[in-house]
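By convention in this document, chain letters (A, B, ...) are assigned in the order of the sequence lines, proteins followed by strands, and residues within each chain are numbered from 1. Predicted model, so just to flag it, every value in this text is computed and none were measured.
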Amino acid sequence: MTNIPDIPDKPSLDGIEARLIERWEADGTYRFDRAASRDEVFAIDTPPPTVSGSLHIGHVFSYTHTDTVARYQRMRGRQVFYPIGWDDNGLATERRVQNVTGVRCDPSLPFDPEFRAPYNGDVPKDHRALPVSRPNFVDLCREITHIDEQAFEALFRRLGLSVDWSLLYTTIGDRARRVSQRAFLRNLARGEAYQQDAPTLYDIDERTAVAQAEMEDREMPGAYHKLAFHRLDGGGDVFIATTRPELLPSCVAMVAHPDDPRYQPLFGTMVSTPLFGVDVPILAHPLADPEKGTGIAMICTFGDVTDVVWWRELNLPSRALIGFDGRFPGEVPEWIATDMGCEAYMQIAGLAPKQAQKRVVEMLTATGEMVGDPEPIVHPVKFYERGSRPLEIVATRQWYIRNGGRDQQLRDDLLARGDELTWHPGYMQHRYDNWVGGLNGDWLISRQRYFGVPVPVWYRLDADGNPIYDEVLVPADEALPVDPSTDCPPGFAPDQRGVPGGFIGDPDVMDTWATSSLTPQIAGEWTEADSDLFDRVFPMDVRPQGHDIIRTWLFATMVRSHHEHGMPPWRNAALSGWILDPDRKKMSKSKGNVVTPMHLLEQYGTDAVRYWAASGRPGVDTAFDESQMKIGRKLATKLLNVTKFVLTFGEPDAGASPTEAVDLAMLARLAAVADDATAAFDGYDYARALERTEAFFWWFCDDYVELVKSRAYGDEPAGSQQDSQAGSRAALTQSARAALRIALSSMQRLLAPFLPFVTDEVWSWWQNGSVHAATWPTSAELAAASGTGTDLVDPAWLEPLGEVLAAVRRAKTEAKVSQRAEIERLVVQGPTEVHDAVRRALADLREAGSIGAVEFEVADDLRCVVDLAPVAD
RNA sequence: GGGCGCAUAGCUCAGUUGGUCAGAGCAGUGCCCUUACAAGGCAAAGGUCGGGGGUUCGAGUCCCUCUGCGCCCACCA
């Protein structure tokens, strides 16, 4: 079982990371066995980090949590499927590439094989982005992400993640594109994916549609403008308050609540809009809020999401003006007929909303149709989460996947799927339920961007060369992945592209979530030729992720799995909290309070940083705290030293086993800790497992080892007092040495998920193989190893024993003498149970405390009287 | 407007079916070169468990309510 110990004279944590990372890789310590069956496997749906983002201490935090669970399950004997991927496609990457290289994509340009990016970082402020072709741009994206991915890999390896690096994938890679397109086409075939021409939230800077899940509200300054609409019956004016007077030319109606007595008489009558003189009806709808503004609103196509609802439910015409470029068209729209209206419109033609608003207000002021000054307010405005200007609503043709946002049955089904998961912590399910319950439309997956998985379809062109969007041409399955901008649909030749009667490729790519929602399928090699992996790993055991992306990643993955497999993609969802800076603000790049992780790993050692991370309980936001890392480093150092100490005694004799009460009690206490840690890990509560193990470990070092070290040395007992600890001195020594080693082995394994480096280092001093391939300790194992079967003594009596030991130390501390100082006489006052406890370990206690005589007195409470020996000088 | 979470020593946090549950670590203080560890060890001190009600023989622990902080969601003219 054991080697000859190979213990350094001066154990050190320095440099162990590099050495062990290399050994793990060479030995395949974390290699997944592809022959394992599903019930032998523990499968993890690892989050693929967005490599265009910055390396963040948050990565260290949450990935460590998952890694501790992976290591635990591996030691429990499961084949751990622990893949890793990089999420590299998508708009985030495009923006990073634009910022770093100083280019922008212009899909109308031809490919330039000689192209080189003008910059590599440090783009001057006054630089105007250089237009490049789509293929050139995509090449640049691939280059930049490759560099980013190497930095991520370096960090994740240094962090000691026990992922199987041979399973590495990227979301722009061939397999991910193939799986993503195949899943989409199957959604399409089943009617779960569809296209629709409808008002869509649109980012005019990025020139792409965005999904509900990607929107966020921001508090923005605005102002109520009170405008006069003129009743056609000559009954005077009707006043509305609006924050967007520039949308006046898009007004299609006015609306008030059906129960509002102020406006009931006007329902069905017409008014003329100020400035533009367009006649619009006054209508009733329950969404109108009598409390807001003047209680009556103008409906524009489209100012906000409510306008879309009104437009749809009241069957109103569309008078949309703001286009893809975010500007008003240069021509007067047909519905503005009056000379004055045309003149007014020309004042804002070609302008962006902000400038248009200024002009419109000036004109309204001039005509007297605006009452009073604008009243400043602060109100929430919808933004793309990565955007810098408010979203506009533009009518466009887009692809959607059904997610229950328009279908109560599907919504209920997906809510029920949420119930099938076990959530850690449980209250996180509320966020899922909340989100699914509040969806107001299907999932918009098409993006008018470039670096992503192409929507894998083409459209027939009619005799005039216009696309027939109802005639969707799909690729053959074996052709996947395809790029419709260069590949041809089945049955067509390249020269038919773009010509009447021919075809045209869909120009869009899919949202990055449309691909990352398939991580179980991508990592599991779903539908891939010659692979039976998927059936061995799906459904997966756990999805670990941040709680902030329940509405996006978790939900999207659930939607895809529900459609494709009719089941949840995992059994458990484990949510990590965020890292807060010491002032309890969320760390983010924009706040400038981000801590980069690599230097921390170098300064404190990986184990120490992992210790800090693992102290953060599941789902709980945790403050960044370097003092915790110092404690973690102390723990790792202590493990080095105590291992060295225990192993110094040499191997116990063959057949030796713990027999002494204090040794057996220590092991019994450890057995309870092992069971506690096991239960905690089974519930994904790694933090609790660590806390219990750590508490035991320090008690073991500070009390137990101090108590038995003299006996373990084999020293002759001091003094001649008859102790209750019977048996030959040699047998007592063997008992201590055996117990120390049994405990050491268990503690190294219990700490291995948290401190993978130092535990494997100390394990290698006396054991074969890696600690990470060793078996997780259990109470049954400890009972067997202690040679007593299950008959371990109740460790409760260790408590009063510890108190007596502390009392002895206290007396010496208060007397300001060394802990080695001799004690002439110790009187233990207390109940007889305390006497019994002390007697069970009397010899150990006397040697540990350098105690001469021990006397006992019966009392209600435990007290010790300590008579120090006279100082010798 | 709806929902969720948090509020325990100066700091970071444990306290899982209500009954040694008032704890740990850090910081601060004091002591000790003790043969595994001085980038260490030992110890003393620190809190009316956010406020107020209630249930109970008994409540950080359950219920109600209030306050503060944070987060998620919402159709925000």
Enquirer: Looking at every strand, decide which applies to Val305(A) at a 4.0 Å heavy-atom threshold: base, sugar-phosphate, or nothing.
Expert: nothing
Enquirer: Which nucleotide, A43(B), C76(B), G5(B), lies nearest any side-chain atom of Lys382(A)?
Expert: C76(B)
Enquirer: Quick one: look up who G30(B) pairs with, Watson-Crick or G-U, both distances under 3.5 Å, and put none if it's unpaired.
Expert: C42(B)
Enquirer: Once you apply a heavy-atom cut-off of 4.0 Å, does Asp702(A) come out as touching a base, just sugar-phosphate, or nothing?
Expert: sugar-phosphate
Enquirer: The side chain of Lys638(A) lies closest to which of these nucleotides: C76(B), A77(B), G41(B)?
Expert: G41(B)
Enquirer: Counting heavy atoms from C-beta on, name the nucleotide in C72(B), A77(B), A43(B) closest to the side chain of Trp578(A).
Expert: C72(B)
Enquirer: Counting side-chain heavy atoms from CB outward, which of C75(B), C73(B), C13(B) is closest to Thr306(A)?
Expert: C75(B)
Enquirer: Which nucleotide sits closest to the side chain of His430(A): G3(B), C32(B), A44(B)?
Expert: G3(B)
Enquirer: Do the non-hydrogen side-chain atoms of Phe645(A) and Lys709(A) ever get within less than 4.5 Å of each other?
Expert: yes
Enquirer: On the six-membered ring of Phe383(A), is Arg218(A) placed so that its NZ or CZ lies under 6.0 angstrom from the centre and within 45° of the ring axis?
Expert: yes
Enquirer: For A7(B), which nucleotide is its Watson-Crick or G-U wobble mate, given both distances must be under 3.5 Å?
Expert: U67(B)
Enquirer: Is the backbone of Leu751(A) close enough, under 3.5 Å, to the side chain of Thr759(A) for a donor and an acceptor to pair up by distance?
Expert: no
Enquirer: Look at the side chain of Arg820(A) and decide which nucleotide, out of A14(B), A77(B), U34(B), has an atom nearest to it.
Expert: U34(B)
Enquirer: Under 3.5 Å for both donor-acceptor distances, Watson-Crick or wobble: does A24(B) have a partner, and if so which one?
Expert: U12(B)
Enquirer: Can you tell me the Watson-Crick or wobble partner of G1(B), both distances under 3.5 angstrom?
Expert: C73(B)
Enquirer: Whole angstroms only, please: what is the CG-P distance between Leu868(A) and C32(B)?
Expert: 13 Å
Enquirer: Gln212(A) or Ala297(A): which one's nearest nucleotide on RNA chain B is closer to the 5' end?
Expert: Gln212(A)
Enquirer: Looking at Arg809(A) and U34(B), is any side-chain donor or acceptor paired with a base atom of the opposite kind under 3.5 Å?
Expert: no
Enquirer: Using a 4.0 Å heavy-atom cut-off, does Cys300(A) contact any base of the nucleic acid, only the sugar-phosphate backbone, or nothing at all?
Expert: nothing
Enquirer: In terms of side-chain heavy atoms of Thr242(A), which of G2(B), G41(B), A77(B) is nearest?
Expert: A77(B)
Enquirer: In terms of side-chain heavy atoms of Lys292(A), which of U34(B), G41(B), C76(B) is nearest?
Expert: C76(B)
Enquirer: Hey, does the side chain of Lys634(A) come within less than 4.0 Å of C26(B)'s phosphate (OP1/OP2), counting only N and O?
Expert: yes
Enquirer: Counting side-chain heavy atoms from CB outward, which of G3(B), A77(B), C76(B) is closest to Asn434(A)?
Expert: G3(B)
Enquirer: Rounding to the closest angstrom, what is the interatomic distance between C62(B) and G18(B) at atom C1'?
Expert: 7 Å
Enquirer: Pick base, sugar-phosphate or nothing for Arg312(A), based on heavy-atom distances below 4.0 Å to the nucleic acid.
Expert: nothing
Enquirer: Mind checking who U35(B) pairs with, Watson-Crick or G-U wobble, both distances under 3.5 Å?
Expert: none
